[in-house]
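Working notes, beginning with the structure itself.
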Amino acid sequence: MSQVRLRFAPSPTGFLHVGGARTALFNWLLARKEHGKFILRIEDTDVARSTQESVDAILEGMTWLGLDWDEGPFYQSDNFPLYKEQVQKLLAAGKAYKCYCSSEELEAKREKALKEGGKPKYDGTCRNLPLQEDDGRPYVVRFKAPQEGTTSWIDAIKGKISFENSELDDLIIQRTDGTPTYNFVVVIDDASMGITTVIRGDDHVNNTPRQILLYEALESPVPTFAHVPMILGADKARLSKRHGATSVMAYRDMGFLPEAMVNYLVRLGWSCGDEEIFGLNDLIQKFSIENVGRSAGVFNTDKLLWLNAHYIKNGDPVRLAGLVTPFLQERGVDPTSGPDLVAVVRTLQERSKTMLELAAGAVFYYKADFGYDEKGAAKFFTPETPALFEELLGKLAALQTLSVESIEVAFKVICEEKGIKLGGIGPAVRLALSGATVSPGIFEMIQVLGIAETRKRLERAIATIRG
RNA sequence: GGUCCCAUCGUCUAGUGGUUAGGACACCGGCCUUUCACGUCGGGUACAGGGGUUCAAGUCCCCUUGGGACCA
C-alpha cells in the first residue's frame with residue numbers, strides 16, 4: 001500500500017492568486033485525507049522572472065490559509081544537473097534527437113504549411129539524423145514522440161481524454177542555450193519526487209499527452225491526473241486584476257478571514273450535497289476529487305462576503321480582537337486606550353461582514369471627538385433631550401451592576417415615567433454615544449463604554465444641544 | 001486556424017432515465033426590533049437550441065450554437 005504524494009508547484013513570478021490557492025487547497029486536502037504527503041515545489045526555471053519576494057509571498061499565502069507542506073519547498077533551479085542528465089539519457093536511448101533547424105527555417109516552413117492548408121507542426125527534418133557529437137552548431141533537443149496511435153488517460157475530474165499522436169509535435173525538451181523546457185522539467189520533477197496524483201489547472205490539459213509520452217519514454221509510472229477548471233471573473237473571462245483583487249493576501253488586507261477564503265474556494269467547483277459551511281477538518285473528511293465539477297466557475301465576492309460574515313459572527317472574540325487590532329491601528333486607534341477590545345468586538349460581530357468593517361464600527365469607542373450625524377441630530381436632538389439625558393444619567397448612576405439587563409430596566413423606567421416609547425430617547429442616546437444613527441445596541445454600548453465615559457458623552461451632547 | 005475541454009436559476013451548485021428540477025449567495029416582501037444588522041417566514045428566476053435512443057431524457061448519443069484553454 002503505497003501512500004499518495006501530491007504537490008503544489010507555483011512559479012514565483014507574483015503573489016499567490018485565488019486560482020493557485022484553490023489548486024493548492026485541493027492538493028492539500030487530498031493529501032491529508034489519504035494520509036499522504038503534500039510537497040511544495042517552486043518552479044523557478046524562468047530565472048529572469050522569478051523572485052525571492054514572490055516565493056515569500058506564496059509561502060505567506062499558504063501559511064495564512066493553513067496549508068502546511070510536508071516536504072520542500074524544493075527549487076527547480078537546484079535541479080539543472082538532473083535535467084541535463086535526463087536529456088542525455090533520452091538522447092543515448094534514441095528517444096530524443098538534436099535538431100539543427102534554425103528558428104527562421106522553422107518559421108518559414110510553418111508559414112508555408114499554413115498557406116498550403118497544412119498544420120503548422122514540426123516537419124521532422126532532423127528526426128532521423130544519427131546522433132552526433134557537438135560540433136559548434138546550435139541545436140535544440142527534441143523528444144521523439146510516436147507519430148501514430150492515441151494517447152489517453154482517465155482524468156480524475158474530466159473523465160477520459162484522448163489525443164491523436166499525429167497531432168502532437170516533437171516537443172523541444174532542451175533549448176539552444178542548454179536550458180530545459182517546462183513540459184520536460186515538470187515530468188522529471190514529478191517522476192523523481194514520486195508524485196502519484198497531479199492536481200492542476202485545466203490550462204495544462206493540452207500538455208498532458210506529451211507529458212505522458214515522456215513518462216513512458218523515461219520508464220516512469222504515469223501519475224493520476226486531475227485537471228481543475230479555471231476561475232473566471234464576472235464577465236466569464238479568466239479572472240484577472242481588472243475583476244478586482246486576485247491575491248489571497250489582498251483578501252486578508254480587506255478584512256477576510258482565512259477560513260472564509262478556504263470555505264469559499266473549496267465550494268467553487270466542489271460540492272457535498274447541500275452543505276455550504278466547511279471547516280478545514282471537515283473538509284479533510286468530506287473532500288473527494290470525484291465531486292469536483294468539470295466546468296469553470298465565476299468568482300463571486302458576495303458569497304465570499306456572506307461566508308466571511310458567518311465566520312466573524314461565530315468566531316472567537318478574543319481571536320477576532322487580535323485580528324482587528326492592525327486595522328484599528330491603521331485608523332490611528334490604540335485599542336488599549338479605551339474599553340476592552342474583546343467586549344467591543346462582541347458588540348460588532350453580528351453586524352460586520354469584514355474585519356475592516358468591524359474596525360470601522362469600533363472607532364467611536366476609542367475616539368470620542370466625533371461629530372454628530374447631521375440628519376440624525378436635526379431629528380433626534382430636541383429641546384427635551386437634555387432633561388431626558390440627565391434623568392438617564394441619574395438612573396444609571398444608581399445601578400448596582402452595569403449589565404445589559406439593568407440598563408434596559410433603567411430605560412424602561414424612564415419611558416414609563418415620561419410616558420414615552422423607547423424610540424423617544426434611544427436614537428438620541430445612540431447619537432450622543434456614537435455620533436451615528438447606526439451602531440451596536442444602545443444598552444451594549446453603555447455597558448462597554450462604562451458609566452464615566454457614557455456620562456462624558458451625554459454631557460457633551462447636552463452642551464451641544466443647549467449650544 | 002488546429003487540438004482539447006465545458007454548458008441546470010444572475011452566481012456557486014444538487015441531480016448519474018421516472019423529481020411539483022432541490023439547496024446556497026444575491027434580489028423582493030412579511031415578521032422580529034431602539035438603529036443597522038442578525039434571525040426567521042415567504043416569493044420570483046434555470047435544464048442553450050435541434051435531432052435521435054427510450055414507454056419515459058436535465059440525465060444516454062449526434063449535430064449546431066456559445067464560452068474557455070493550449071499551440072501557433
Side-chain angles (χ1 to χ4, degrees), chain A residues 106-107 109-111 113-115 117-122 151-153 155 157-169 171 182-183 201-210 227-239 263-277 290-310 312-314 347-353 357-358 361 373 376 379-380 407-408 411-412 415 420-431 433-434 436-446:
Chain A
L106 292 171
E107 186 54 38
K109 283 177 185 174
R110 195 176 295 130
E111 276 176 28
L114 231 32
K115 210 171 284 176
K119 287 172 184 170
K121 56 177 285 195
Y122 181 61
T151 298
S152 60
W153 74 96
D155 195 275
I157 291 172
K158 292 177 182 278
K160 182 171 180 175
I161 300 179
S162 302
F163 284 78
E164 294 297 322
N165 290 156
S166 57
E167 298 292 340
L168 271 25
D169 251 357
L171 180 75
Y182 173 77
N183 281 105
D202 74 359
D203 45 339
H204 288 292
V205 166
N206 287 277
N207 291 329
T208 306
R210 291 182 177 84
H227 288 97
V228 323
M230 302 275 89
I231 296 179
L232 310 176
D235 59 357
K236 306 239 179 175
R238 191 176 185 153
L239 193 66
N263 198 149
Y264 178 71
L265 251 19
V266 81
R267 272 292 284 114
L268 181 52
W270 172 84
S271 62
C272 182
D274 282 345
E275 291 183 64
E276 293 289 347
I277 305 295
E290 295 77 31
N291 289 323
V292 175
R294 297 118 309 192
S295 54
V298 174
F299 191 89
N300 180 211
T301 311
D302 276 335
K303 187 147 188 183
L304 172 59
L305 229 26
W306 173 73
L307 282 165
N308 204 49
H310 168 84
I312 289 177
K313 188 171 37 172
N314 297 294
T347 69
L348 261 4
Q349 271 179 281
E350 266 198 354
R351 57 197 94 230
S352 304
K353 282 186 157 59
E357 228 177 271
L358 198 155
D373 176 86
K379 187 170 177 190
F380 301 120
I407 295 166
E408 183 172 4
F411 272 84
K412 283 199 169 146
C415 287
I420 57 174
K421 289 184 176 175
L422 193 49
I425 178 171
V429 175
R430 177 190 317 288
L431 201 55
L433 296 179
S434 71
T437 53
V438 172
S439 78
I442 296 164
F443 313 141
E444 294 165 272
M445 284 195 291
I446 292 175

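Just the heavy atoms: all of them, side chains too, but no hydrogens, waters or symmetry mates, feed the values below. Just so we're on the same page: letters track the sequence lines, and every chain starts at 1.
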Can you figure out which of B:U11, B:G23, B:C36 approaches the side chain of A:V438 most closely?
B:C36

Of the listed nucleotides (B:C38, B:A69, B:C36), which one gets closest to any side-chain atom of A:K313?
B:C38

Could you pick out which residue, A:S439 or A:E275, lies toward the 5' side of RNA chain B when each is mapped onto its nearest nucleotide?
A:E275

Report the base-pairing partner of B:C25 (Watson-Crick or G-U wobble, both distances below 3.5 angstrom), or none.
B:G10

Under a 3.5 Å cut-off for both distances, is B:C70 Watson-Crick or wobble paired, and to whom?
B:G2

Nucleotide of B:C70, B:U13, B:C36 approaching A:L268 most closely (side-chain heavy atoms):
B:U13

Partners meeting side-chain hydrogen bond (donor to acceptor under 3.5 Å, both in side chains) with A:E275 (sequence neighbours left out):
A:K286

Would you say a side-chain N or O of A:R294 is under 4.0 Å from OP1 or OP2 of B:U8?
no

Is A:S162 touching bases, backbone alone, or none of the nucleic acid, heavy atoms closer than 4.0 Å?
sugar-phosphate

Using a 4.0 Å heavy-atom cut-off, does A:G297 contact any base of the nucleic acid, only the sugar-phosphate backbone, or nothing at all?
sugar-phosphate

Taking any heavy-atom pair under 4.0 Å as a contact, classify A:T437: base, sugar-phosphate, or nothing.
base

Considering only nitrogen or oxygen atoms on both sides, find all protein atoms under 3.5 Å from nucleotides 25-32 of chain B and state each distance.
from: B:C25; atom 1: OP1; to: A:W306; atom 2: NE1; distance (Å): 3.4
from: B:C25; atom 1: O2'; to: A:K303; atom 2: N; distance (Å): 3.3

With nearest nucleotides of RNA chain B determined for A:K160 and A:R238 from heavy-atom distances, which residue corresponds to the more 5′ nucleotide?
A:K160

For B:C32, which nucleotide is its Watson-Crick or G-U wobble mate, given both distances must be under 3.5 Å?
none

Can you tell me which nucleotide in B:C5, B:A7, B:C36 comes closest to the side chain of A:S295?
B:A7

Measure from the side chain of A:N206, starting at C-beta and using heavy atoms only, and say which of B:A24, B:C70, B:U35 lies closest.
B:C70

Below 3.5 Å is the cut-off: list the nitrogen or oxygen pairs between protein and nucleotides 44-49 of chain B, distance only.
none

Would you mind pulling out the nucleotide paired to B:U45, Watson-Crick or G-U wobble, both distances under 3.5 Å?
none

Identify the pairs formed between an N or O of the protein and an N or O of nucleotides 60-66 of chain B at a distance under 3.5 Å, and give each distance.
none

If you check the A:R351 side chain, which of B:C5, B:U35, B:C6 turns out closest?
B:U35

Under 3.5 Å, sequence neighbours excluded: what are the donor-acceptor pairs made by side chains of residues 293-307 of chain A?
from: A:K303; atom 1: NZ; to: A:E276; atom 2: OE1; distance (Å): 3.0

Report the nucleotide, chosen from B:C4, B:A14, B:U35, that has the shortest atom-to-atom distance to any side-chain atom of A:R430.
B:U35

Apply salt bridge (charged side-chain N to carboxylate O under 4.0 Å, His left out) to A:E408 and list each qualifying residue two or more places apart in sequence or on a separate chain.
A:K412

Sugar-phosphate only, base, or nothing, as touched by A:P440 at under 4.0 Å among non-hydrogen atoms:
base

Mind checking who B:U19 pairs with, Watson-Crick or G-U wobble, both distances under 3.5 Å?
none

